[in-house]
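Here it is, the structure in full.
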Amino acid sequence: MKRLVLIDAHAIIHRAFHALPPLTSPAGQPVQAVYGFAAVLLKMLRELKPDYVVATFDHEGPTFRHLAVERYKATRVKAPDALYQQIPLVKELVAAFGMPVVEAKGYEADDLIGTIATLVRKKHSDVEIVIVTGDLDTLQRVDERTGVLTMRKGVSDTVLYDAAAVRERYGLRPDQLVDYKGLRGAPSDNIPGVKGIGEKTATELLKAHGSIEELYRALKRGELKANPAILAALKTHEADALFSKTLATID
């Protein structure tokens with residue numbers, strides 16, 4: 001089976017920038033994100049030996065999520081200019097390797113990765129996919145032909161997630177992680193979730209009911225077994241739960 005690697009470039013750039021000490025070129029330009037990205041790229045090529053590679057980038061400007069809810073990622077502290085100055089250099093680096101750069105107005109790199117993965121899975125049954133990223137948002141796309149390689153610590157300590165590894169870490173199937181965020185929320189992205197529901201309760205509810213939609217069907221039938229405070233929170237925040245799941249879902 002052939003292998004396609006989809007690189008979440010922005011996530012790796014952010015991880016490398018914060019994981020490495022400040023580095024500069026002879027001209028004094030900051031380059032630690034470029035250096036870290038290059039290290040990840042070379043490690044990936046050596047260990048995964050891909051047949052195909054695509055690098056995806058976030059497009060400048062708001063995404064459809066920002067248009068849907070003004071506060072999306074509003075609490076996230078803006079990265080230093082020294083990070084943004086290195087993005088064009090990373091694109092030059094990727095181009096020097098002969099790898100295509102893909103970005104689209106209004107969408108995040110995760111959405112491009114999800115779209116490419118979906119198209120490849122439909123059209124090419126002989127290709128497996130590995131997503132290389134600096135965060136865990138793409139774990140929702142893990143399946144029998146799709147894995148996620150991410151940094152556990154710094155840029156050199158990596159872990160490859162398959163469906164079994166996702167279940168071991170979260171106690172849920174990969175496709176349930178959007179429901180998990182819908183209930184628990186995601187503070188780093190300002191996704192509200194259901195106030196009063198934490199990791200353990202979200203996991204237990206999804207183990208019992210499978211998805212947010214099924215959970216609310218059970219609640220409306222009076223079949224949901226939970227303490228009164230949880231039942232009240234779910235009733236009050238149904239719209240937040242469903243909207244949070246939408247925000248967390250890769251398009």
Side-chain angles (χ1 to χ4, degrees), residues 1-12 14-15 40-41 43-45 47-58 65 102 107-153 155-186 188-189 191 193 199-200 202-215 244-251:
M1 186 170 281
K2 293 185 176 180
R3 178 174 289 156
L4 164 66
V5 165
L6 301 173
I7 301 173
D8 183 350
H10 265 75
I12 297 173
H14 278 265
R15 172 60 71 96
V40 172
L41 190 63
K43 179 181 172 71
M44 176 274 291
L45 291 172
E47 295 182 0
L48 298 182
K49 297 179 172 58
D51 298 280
Y52 316 103
V53 182
V54 174
T56 64
F57 286 78
D58 293 346
R65 293 179 181 87
V102 179
Y107 294 92
E108 297 180 51
D110 287 351
D111 299 311
L112 305 181
I113 286 171
T115 301
I116 295 168
T118 297
L119 293 172
V120 170
R121 289 203 69 223
K122 285 180 181 177
K123 296 182 179 181
H124 303 283
S125 60
D126 62 336
V127 176
E128 68 168 345
I129 298 163
V130 179
I131 299 165
V132 178
T133 181
D135 61 39
L136 300 176
D137 291 342
T138 52
L139 288 183
Q140 62 185 268
R141 295 306 305 256
V142 169
D143 57 32
E144 72 279 0
R145 276 176 52 203
T146 307
V148 170
L149 180 73
T150 188
M151 285 88 248
R152 191 160 34 196
K153 186 179 179 183
V155 294
S156 59
D157 183 6
T158 57
V159 57
L160 182 61
Y161 282 94
D162 58 10
V166 172
R167 187 177 288 275
E168 182 179 349
R169 174 162 182 173
Y170 293 95
L172 299 168
R173 301 187 312 268
D175 63 285
Q176 289 177 298
L177 294 182
V178 291
D179 298 276
Y180 176 77
K181 281 191 177 182
L183 291 174
R184 181 187 173 273
S188 63
D189 291 335
I191 295 175
E199 296 177 7
K200 184 179 178 182
T203 302
E204 288 174 352
L205 289 170
L206 292 172
K207 280 182 176 179
H209 298 280
S211 70
I212 283 179
E213 290 79 6
E214 287 300 323
L215 173 67
S244 294
K245 177 177 177 177
T246 300
L247 286 178
T249 301
I250 289 174
D251 185 349

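Everything numeric here is computed off the predicted structure, so don't read it as measured data. Sequential numbering from 1 along the given sequence is applied to the chain's residues.
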Inset, instruction - Using side chain to side chain contact (heavy atoms under 4.5 Å, CB included) as the criterion, list what pairs up with Ala202, not counting sequence neighbours. - result: Tyr180, Leu183, Arg184, Ile197
Inset, instruction - Using atom types as modelled and distance alone, determine if a side-chain donor or acceptor of Arg141 lies under 3.5 Å from a backbone N or O of Ala117. - result: no
Inset, instruction - Calculate, to the nearest 0.5 Å, the distance between atoms CG and CD belonging to Leu45 and Glu47 respectively. - result: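 The CD atom of Glu47 is 10.5 Å from CG of Leu45, to the nearest 0.5 Å.
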Legend entry - Gln176 side-chain N/O to Gly210 backbone N/O, donor-acceptor pair under 3.5 Å: yes
Inset, instruction - Just jot down the side chain to side chain donor-acceptor pair (under 3.5 Å) partners of Glu204, sequence neighbours excluded, or say none. - result: none
Legend entry - Close side-chain approach of Leu206 and Leu215, heavy atoms under 4.5 Å: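 No, side chains not in contact.
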Quiz: residues 164-171 side-chain donor-acceptor pairs under 3.5 angstrom, not counting sequence neighbours:
from	atom 1	to	atom 2	distance (Å)
Arg169	NH1	Tyr161	OH	2.8

Inset, instruction - Apply the side-chain contact (heavy atoms from CB on, under 4.5 Å) test between Met44 and each candidate in Thr158, Val130, Val132; give the one that qualifies. - result: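 Of all the options given, the one that passes is Val132.
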Legend entry - Least distance between heavy atoms, Ser244 atom then Gly193 atom: OG-N, 2.9 Å
Inset, instruction - List for me each residue that meets salt bridge (Lys or Arg N to Asp or Glu O under 4.0 Å) alongside Arg173, sequence neighbours excluded, and say none if there are none. - result: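 Counting only residues at least two positions away or on another chain, Arg173 forms a salt bridge (Lys or Arg N to Asp or Glu O under 4.0 Å) with Asp175.
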Inset, instruction - Sequence neighbours left out, what passes side chain to side chain donor-acceptor pair (under 3.5 Å) with Asp157? Give chain and number order. - result: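 Side chain to side chain donor-acceptor pair (under 3.5 Å) list for Asp157, sorted by chain: Arg152.
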Inset, instruction - To the nearest 0.5 Å, tell me how far Thr146 OG1 sits from Leu139 CG. - result: 12.0 Å
Inset, instruction - Report yes if some heavy atom in the side chain of Glu108 is under 4.5 Å from a heavy atom in the side chain of His10; otherwise report no. - result: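 No. Closest side-chain heavy atoms not under 4.5 Å.
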Inset, instruction - Calculate, to the nearest 0.5 Å, the distance between atoms CG and CD1 belonging to Asp110 and Ile131 respectively. - result: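 Asp110 atom CG to Ile131 atom CD1 measures 8.0 Å (nearest 0.5 Å).
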Inset, instruction - Scan Met1, Glu128, Arg3 and name whichever one has a side-chain contact (heavy atoms from CB on, under 4.5 Å) with Asp51. - result: Arg3
Inset, instruction - Measure the spacing between CD1 of Ile116 and CG of Asp111 and express it to the nearest 0.5 Å. - result: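 If we round to the nearest 0.5 Å, Ile116:CD1 and Asp111:CG are 11.0 Å apart.
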Inset, instruction - Supply the atom-to-atom distance Leu177 CG to Leu172 CG, rounded to the nearest 0.5 angstrom. - result: 6.5 Å
Inset, instruction - Take Asp179 and Leu205 through the test side chain to side chain contact (heavy atoms under 4.5 Å, CB included) and record every step on the way to the result. - result: CA-CA 10 Å; Asp179 298 276; Leu205 289 170; over 6 Å; no
Legend entry - Check: Pro50 and Leu4 side chains under 4.5 Å, non-hydrogen atoms: no
Legend entry - From Thr150, Val155, Leu41, Ile7, residue fulfilling side-chain contact (heavy atoms from CB on, under 4.5 Å) relative to Ile12: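 So, applying the side-chain contact (heavy atoms from CB on, under 4.5 Å) to Ile12 and each of Thr150, Val155, Leu41, Ile7, only Ile7 qualifies.
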Inset, instruction - Please report the shortest heavy-atom distance between Thr133 and Ala11, naming the atom on each side. - result: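 Smallest interatomic distance, heavy atoms only, reads OG1-CB, 3.5 Å.
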Inset, instruction - Can you see which heavy atom on Ala109 is nearest to which on Phe57, and at what distance? - result: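 Result for this residue pair: CB-C, 3.9 Å.
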Inset, instruction - Under the side chain to side chain donor-acceptor pair (under 3.5 Å) rule, collect the residues that match up with Arg121, sequence neighbours excluded. - result: Asp143, Glu144
Inset, instruction - Could you point out which residue of Asp137, Thr56, Val54, Ile129 forms a side-chain contact (heavy atoms from CB on, under 4.5 Å) with Ile113? - result: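 Filter result, single survivor: Thr56.
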Legend entry - Minimum-distance pair of heavy atoms, taken over all atoms of Val148 and Val142: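 It is CG2-CG2, 3.6 Å.
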